[in-house]
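Structure first, then comments.
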There are 2 protein chains.
Amino acid sequence: MSARGEKGKPRLRAADRVYEDIRRCILTGKLCPGERLTEELLAERFGASRTPVRSAIVRLAGDGFVEMTPRSGTIVKRRSAGEIADIYDVRALLESAAAGLAARSRTDADLDELKRLQDEMEADFEAADIGETENVETLSLLNKAFHQRILDSSGNATLAESASRLMDIGFLINTYTSFSREEIARSVDEHRKLIDAIRSRDVYWAEAVMRAHILGARNSLASVVEAEKCRR
Amino acid sequence: MSARGEKGKPRLRAADRVYEDIRRCILTGKLCPGERLTEELLAERFGASRTPVRSAIVRLAGDGFVEMTPRSGTIVKRRSAGEIADIYDVRALLESAAAGLAARSRTDADLDELKRLQDEMEADFEAADIGETENVETLSLLNKAFHQRILDSSGNATLAESASRLMDIGFLINTYTSFSREEIARSVDEHRKLIDAIRSRDVYWAEAVMRAHILGARNSLASVVEAEKCRR
DNA sequence: TTGCCCAAAATTGTATCCAATGAGGTCTCG
DNA sequence: CGAGACCTCATTGGATACAATTTTGGGCAA
């Protein structure tokens with residue numbers, strides 16, 4: 001048996017590196033929606049040939065991060081405010097179900113991990129200066145890890161993957177910079193309620209809290225997007 | 001503006017052809033779960049070089065049809081009975097929501113198209129000899145088109161795409177050969193109920209019927225899978 | 001016989017080369 | 001001065017050559 005995604009240093013493929021790099025650039029806003037991705041440029045930028053870059057682009061297109069039009073080129077996918085709202089609606093549907101399942105079948109380890117992530121988030125939030133991109137990024141990552149852990153605790157891998165995919169698309173990290181400290185505080189508080197519900201195995205409460213959490217985020221984001229419109 | 005998936009004969013790419021071909025082979029059972037896909041073999045089989053084949057494989061991996069392990073190879077993804085049940089659970093969640101939305105906001109054109117598909121299905125079902133793979137395939141395709149149309153009528157493209165992805169994975173066409181004439185009749189009947197609900201704009205009825213329809217299919221399929229176990 | 005090790009063959013991953021096509025600029029004509 | 005056609009060029013798509021790694025088969029020893 002060989003290494004399969006473990007940390008056993010299986011010498012990462014260039015295609016994987018490039019995939020991660022481009023993805024990161026999109027998530028952090030270094031590549032903006034509508035911006036064109038030329039294979040040769042990316043190849044040069046990331047120190048690889050066009051072959052792994054192409055592979056990465058195909059994967060990113062499958063993930064919904066970019067849009068390939070057959071013989072024309074690839075751009076970072078634009079998303080309207082409506083589309084983003086739709087994504088959050090589906091997330092609410094999937095993640096509230098997952099929260100309910102997690103409340104039903106969680107283990108102690110699940111709960112401990114959620115608490116750990118929550119503590120870390122709170123610590124970072126207290127210390128953080130919102131507006132510093134660094135902090136925003138770690139906060140965003142912790143938030144994603146928290147949600148992901150609940151998904152994984154649901155015991156339905158398909159549910160987890162479907163929701164995770166949407167989470168990735170919606171989580172443009174730089175978006176977070178536009179959230180007020182107040183909104184983030186509310187989010188952190190809702191996470192605490194979520195942990196309560198899951199600890200006490202209250203299925204319907206967990207579902208309700210998660211739904212409210214995500215739909216609340218949707219509305220905050222909607223106003224942010226509306227305010228920013230499309231810059232650059 | 002250029003052609004993008006329209007019928008304008010934009011000279012399909014080899015990568016797309018190969019993608020469709022492999023996908024079809026998996027769906028129809030010509031490629032079995034666990035079977036290894038070697039690039040050179042596929043290239044020879046479909047009359048292309050390894051480049052478009054690789055591209056197709058990467059896409060298929062993103063879709064969840066195959067599993068690539070980094071320097072080892074690619075196999076058609078195996079799915080346990082539990083995983084298939086999970087997929088159907090998520091489908092029930094997403095598609096019942098979609099059916100509700102469709103009931104709320106359907107147009108007359110949506111309804112006509114659903115009726116048309118339903119008529120075609122019924123005609124095919126009456127005439128068909130279940131067991132003939134040809135008929136099973138067209139029936140399966142019509143079924144998929146029916147569900148897809150409801151998803152599209154929901155007005156939430158993300159919801160439609162998420163559910164569609166799962167539908168594709170679950171719809172191994174050859175699976176249908178194992179369904180009894182009785183079970184298919186039930187399915188057709190449920191479709192009619194669904195049309196009724198959507199026509200009368202009864203949101204909750206549409207949701208309930210869709211949920212029952214999909215969970216019923218899940219249970220039928222579960223017993224089939226259990227019976228077959230893994231052959232070959 | 002069983003287990004291990006090494007070598008060769010098969011297969012994946014990457015780079016580069018060539019062909020084809022769409023995009024953009026320019027020139028001409030109205 | 002503007003619009004349209006044509007031409008050039010940048011970029012994508014595909015093929016092939018090469019490198020690296022994994023698998024597999026055989027041989028050897030316990």
Side-chain angles (χ1 to χ4, degrees), chain A residues 1-23 25-26 31-32 34-62 65-78, chain B residues 1-23 25-26 31-32 34-62 65-78:
Chain A
M1 192 177 303
S2 68
R4 211 279 295 263
E6 304 308 315
K7 63 175 64 172
K9 198 199 71 131
R11 172 77 184 289
L12 220 50
R13 293 179 293 186
D16 292 334
R17 271 196 327 99
V18 172
Y19 169 80
E20 297 289 350
D21 287 343
I22 299 178
R23 184 190 148 101
C25 285
I26 294 173
L31 289 172
C32 299
E35 195 168 342
R36 183 165 183 186
L37 300 180
T38 68
E39 296 172 1
E40 197 159 2
L41 211 72
L42 291 171
E44 184 185 3
R45 180 167 174 179
F46 296 121
S49 78
R50 278 181 54 208
T51 307
V53 170
R54 279 190 64 92
S55 185
I57 288 178
V58 170
R59 281 181 65 190
L60 289 164
F65 286 110
V66 303
E67 208 165 8
M68 300 179 72
T69 64
R71 276 175 166 73
S72 167
T74 301
I75 63 169
V76 179
K77 189 155 184 173
R78 302 170 189 271
Chain B
M1 189 183 305
S2 70
R4 210 283 295 265
E6 304 307 314
K7 63 175 63 170
K9 197 199 73 138
R11 171 80 183 286
L12 219 50
R13 293 180 295 188
D16 292 335
R17 271 197 326 100
V18 173
Y19 170 80
E20 296 290 349
D21 287 343
I22 299 177
R23 184 190 149 100
C25 285
I26 294 174
L31 290 172
C32 300
E35 194 168 344
R36 183 165 183 185
L37 300 179
T38 67
E39 296 173 1
E40 198 158 2
L41 211 73
L42 291 171
E44 185 184 4
R45 180 165 173 182
F46 296 120
S49 80
R50 278 181 53 212
T51 307
V53 169
R54 275 192 70 84
S55 183
I57 287 177
V58 170
R59 280 182 66 190
L60 289 164
F65 286 111
V66 304
E67 208 164 9
M68 300 179 73
T69 65
R71 276 174 168 74
S72 169
T74 301
I75 63 169
V76 179
K77 190 155 184 174
R78 303 170 188 273

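The sequence lines fix the lettering, A, B, ..., with proteins before strands; numbering per chain opens at 1.
Closest to the side chain of R50(A), out of dA15(C), dT12(C), dT12(D), is dT12(D). Side-chain proximity of R13(B) to the nucleotides dA15(D), dT12(C), dG13(D) is greatest for dG13(D). Closest to the side chain of T51(B), out of dT14(C), dG14(D), dT12(C), is dG14(D). Distance from the side chain of R71(A) is smallest for dG22(C) among the nucleotides dG22(C), dT21(D), dT14(C). When the nucleotides dT14(C), dT12(D), dT12(C) are ranked by their closest atom to the side chain of A14(A), dT14(C) comes out on top.
For the pair R54(A) CZ and dT16(C) C1', the interatomic distance rounds to 14 Å; values are reported in whole Å. The separation between E39(A) atom CD and dT16(C) atom P is 15 Å, rounded to whole Å. Taking atom CD1 on I57(A) and atom C1' on dT11(D), their separation rounds to 11 Å, with Å as the unit. If you measure from atom OH of Y19(B) to atom C1' of dG14(D), you get 20 Å, rounded to the nearest angstrom. For I75(B) and dT11(C), the CD1 to C1' distance is 16 Å, given to the nearest whole Å. Atom-to-atom, CG of L37(A) to C1' of dA10(D) comes out at 16 Å; the value is rounded to the nearest Å. When the C1' atom of dT11(D) is taken as reference, atom CG of L42(A) falls 13 Å away, rounded to whole Å. Straight-line distance from the CD atom of E40(B) to the P atom of dT16(D): 11 Å, rounded to whole Å.
Among T69(A), V66(A), T38(A), the single residue meeting the side-chain contact (heavy atoms from CB on, under 4.5 Å) criterion with T74(A) is V66(A). Each of L42(B), L31(B), L37(B) was checked for a side-chain contact (heavy atoms from CB on, under 4.5 Å) with C25(B), and the lone residue meeting it is L31(B).
Comparing R36(A) and G47(B) by the nucleotide of DNA chain D whose heavy atom lies nearest to each, the residue mapping closer to the 5' end is R36(A).
The side-chain heavy atoms of R78(A) and E67(A), taken from C-beta on, include no pair separated by under 4.5 Å. No side-chain heavy atom of P52(B) sits under 4.5 Å from any side-chain heavy atom of R13(B).
Looking at R23(A) and D16(A), no side-chain N of the basic residue comes within less than 4.0 Å of a carboxylate O on the acidic one, giving no salt bridge.
Taking side-chain N and O atoms only, S72(A) has no distance below 4.0 Å to OP1 or OP2 of dT11(D).
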